[in-house]
K.L.:
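Below is a structure I'd like to ask you about.
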Protein chains: 2
Amino acid sequence: MKEGKKKTPEVIVENIVASTSFADKLDLDAIAQALEEAEYEPEQFPGLVYRLDNPKTATLLFRSGKANCTGAKNVENVRKTVEIIADKLRNLGIDVYKNEDLKIVIQNIVAISDLGTELNLNEVAMGLGLENVEYEPEQFPGLVYRLEEPKVAMLLFGSGKIVCTGARRTEDVAIAVQKLADELAALGLLKEKEEGD
Amino acid sequence: MKEGKKKTPEVIVENIVASTSFADKLDLDAIAQALEEAEYEPEQFPGLVYRLDNPKTATLLFRSGKANCTGAKNVENVRKTVEIIADKLRNLGIDVYKNEDLKIVIQNIVAISDLGTELNLNEVAMGLGLENVEYEPEQFPGLVYRLEEPKVAMLLFGSGKIVCTGARRTEDVAIAVQKLADELAALGLLKEKEEGD
DNA sequence: AAAGTATATAAAAGGGTTTTTAAAAAGATT
DNA sequence: AATCTTTTTAAAAACCCTTTTATATACTTT
């Protein structure tokens, strides 16, 4: 039973933030005019917000032609979102780059995982070192733990659930959660509940 | 008289913006507390404003330890300002880098020059090309002319006076003004007033 | 009439604005 | 009691904020 280490932690991607560029400039006033669903309040924020129902995403378009897509749970849906918006813009007579030139860069991945055991966050805070951790239960029930490699921030909850954010690659989420699990195991803070698989 | 071209346009530096770093972090609240003359309103702006009478400068200090010095008319006064502030901080018991490690980077130079002739800005706008110029006398009396090399913005006034901003080296101001003068001369827009030297 | 305001230019600094998403706990509101 | 909002984390985008300085117009306030 030495090889009891799980292959790779089960991770669920909940949100992807990705950037792209539709053109070298965009006339947001014209777009806001033409697309009724668009939200554009330049006094408040320089980006135009455009929401899609399927995939369920929100994309911010900027005058520079650059854009950020948020809310997708996988890269395919980021791509779909970007191409749907590109088509809408083309239908408006706006010149945008060809689909194959729409380069998508993942900027942030938010994912959850589950350690499978409840955590005593006070013990975890002591174990990981108070200087490496932020834990103020009065303010927020999660304990914040930052990793340098991969560079992510993890929120640990008493339930054993983990939120990981900051990763740019899905595999880094798994690596980060594994590192965390290993550290907690080494500290004897995981109750080793055999979840019967 | 073919070599009537002035060697280098007379330029007066009016303002230098330079950046530096005093430490890897600064406690602005403590500094604001200790230095009564400091202005610090973090809700309004994250930088602490510290003004000196001699040299007459205003320096913005940030939590990151970085700072911007504005108002000096020469680099020596930027250096003086930075060292005076460093000393003040040391006297407060704040740890800052040694003077020789305080690296100063000039970020912007504002300078004036004078073409020696009055300009008809409407003719200048036509001559330089309306697409290369911004001129809305109702809004602002100056004509904006941008150069790519050196990358500066020049404001031309009917009086023949020029404001040049954006340069990082003093010599670039002279180069920019010379380029402008050459272009205007080629267009026959300089009245060649021999100013008797 | 004199002294302010505004208009416009460049540059750095870093915090705010907005969007998304999960976790969970406390508080407010319905 | 059920539903909301707040708290926190990360990330991109591009604007605002503030400081300085000359230039020169119009407009407002003393």
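Lettering of chains follows the sequences in order, A, B, ..., and the numbering in each one begins at 1. Values below: all heavy atoms of this structure, side chains included; hydrogens, waters and symmetry mates excluded.
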K.L.:
In chain order, what residues pass the side-chain hydrogen bond (donor to acceptor under 3.5 Å, both in side chains) check against A:Gln107, with sequence neighbours excluded?
P.N.:
A:Ser19, A:Arg168

K.L.:
Under 4.0 angstrom, heavy atoms only, what part of the nucleic acid is A:Thr59 near: base, sugar-phosphate, or nothing?
P.N.:
nothing

K.L.:
Rounded to whole Å, how long is the line connecting atom CD1 of A:Ile162 with atom P of D:dA10?
P.N.:
16 Å

K.L.:
Has B:Lys73 got a side-chain N or O lying under 4.0 Å from the OP1 or OP2 atom of D:dT20?
P.N.:
no

K.L.:
Salt bridge check: are B:Lys98 and B:Glu100 linked by an N-O gap of less than 4.0 Å?
P.N.:
no

K.L.:
Please determine whether a side-chain nitrogen or oxygen atom of B:Ser19 lies at a distance below 4.0 Å from atom OP1 or OP2 of C:dA13.
P.N.:
no

K.L.:
Near DNA chain C, under 4.0 Å by heavy atom, which residues of residues 88-96 of chain B?
P.N.:
none

K.L.:
Side chain of B:Asn68, heavy atoms from C-beta onward: which of C:dT21, D:dA11, C:dA13 has the nearest atom to it?
P.N.:
C:dA13

K.L.:
Taking the side chain of B:Thr165 as heavy atoms from C-beta outward, which of C:dA23, D:dA14, C:dA10 is closest to it?
P.N.:
C:dA10

K.L.:
Counting N and O atoms only, with roles assigned by atom type, does the side chain of B:Asn108 sit under 3.5 Å from a partner on the main chain of B:Gly166, one being a donor and the other an acceptor?
P.N.:
yes

K.L.:
How does the hydrophobic cluster around A:Val105 look, that is, which other residues are in it when side-chain heavy atoms under 4.5 Å mark a link?
P.N.:
none

K.L.:
Name all pairs fulfilling the salt bridge (Lys or Arg N to Asp or Glu O under 4.0 Å) condition that reach into residues 34-59 of chain B, sequence neighbours left out, sorted by first residue then second.
P.N.:
B:Glu39-B:Arg51

K.L.:
When you measure from the side chain of B:Lys73 to the backbone N and O of B:Glu14, does any donor-acceptor pair fall under 3.5 Å?
P.N.:
yes

K.L.:
With each end axis built from five pairs of C1' atoms, what bend angle do you get for the helix from C:dA1-D:dT30 to C:dT30-D:dA1? Round to 10°.
P.N.:
130°

K.L.:
Just to confirm, is there a sub-4.0 Å distance from OP1 or OP2 of D:dC15 to any side-chain nitrogen or oxygen of A:Arg63?
P.N.:
yes

K.L.:
Figure out the OH/P separation between A:Tyr40 and C:dT17, and round it to whole Å.
P.N.:
19 Å

K.L.:
I need the CG-C1' distance between B:Leu156 and C:dA8, as an integer number of Å.
P.N.:
13 Å

K.L.:
Does B:Lys151 put a side-chain nitrogen or oxygen below 4.0 Å from OP1 or OP2 of C:dA11?
P.N.:
yes

K.L.:
Could you tell me whether the side chain of A:Lys179 and the main chain of A:Glu149 form a donor-acceptor pair under 3.5 Å?
P.N.:
yes

K.L.:
Looking only at heavy atoms, what is the nearest atom pair of B:Thr81 and B:Asn77, with distance?
P.N.:
OG1-O, 2.7 Å

K.L.:
Just how far, in rounded Å, is P of D:dA12 from CG of A:Leu48?
P.N.:
21 Å

K.L.:
Consider the side chain of B:Asn108, meaning its heavy atoms from C-beta on, and name the nucleotide among C:dA10, D:dT19, D:dA24 that approaches it most closely.
P.N.:
C:dA10

K.L.:
Between A:Gln178 and A:Asp182, do the side chains contain a donor N or O and an acceptor N or O under 3.5 Å apart?
P.N.:
yes

K.L.:
Whole angstrom is fine here: how far is it from CG in A:Leu60 over to P in C:dT21?
P.N.:
12 Å

K.L.:
Would you indicate what A:Thr57 reaches in the nucleic acid, counting non-hydrogen atoms under 4.0 angstrom: base, sugar-phosphate, or nothing?
P.N.:
nothing

K.L.:
Enumerate all atom pairs, one protein N or O and one N or O from nucleotides 5-8 of chain D, separated by less than 3.5 Å.
P.N.:
{"unit_1": "D:dT8", "atom_1": "OP1", "unit_2": "A:Gln139", "atom_2": "NE2", "d": "2.8"}

K.L.:
Kindly say if B:Lys56 contacts the phosphate of D:dT21, meaning a side-chain N or O under 4.0 Å from OP1 or OP2.
P.N.:
yes

K.L.:
If you measure from the Lys or Arg side-chain nitrogens to the Asp or Glu carboxylate oxygens, is any gap between A:Glu76 and A:Lys80 under 4.0 Å?
P.N.:
no

K.L.:
Is there a side-chain contact between B:Leu156 and B:Val124 in this structure, where contact means two heavy atoms from C-beta onward sitting under 4.5 Å apart?
P.N.:
yes

K.L.:
Take the protein atom NZ of B:Lys103 and the nucleotide atom P of C:dA12, then report the distance between them rounded to whole Å.
P.N.:
18 Å

K.L.:
Side chains of B:Arg90 and B:Asn99: donor-acceptor distance under 3.5 Å anywhere?
P.N.:
yes

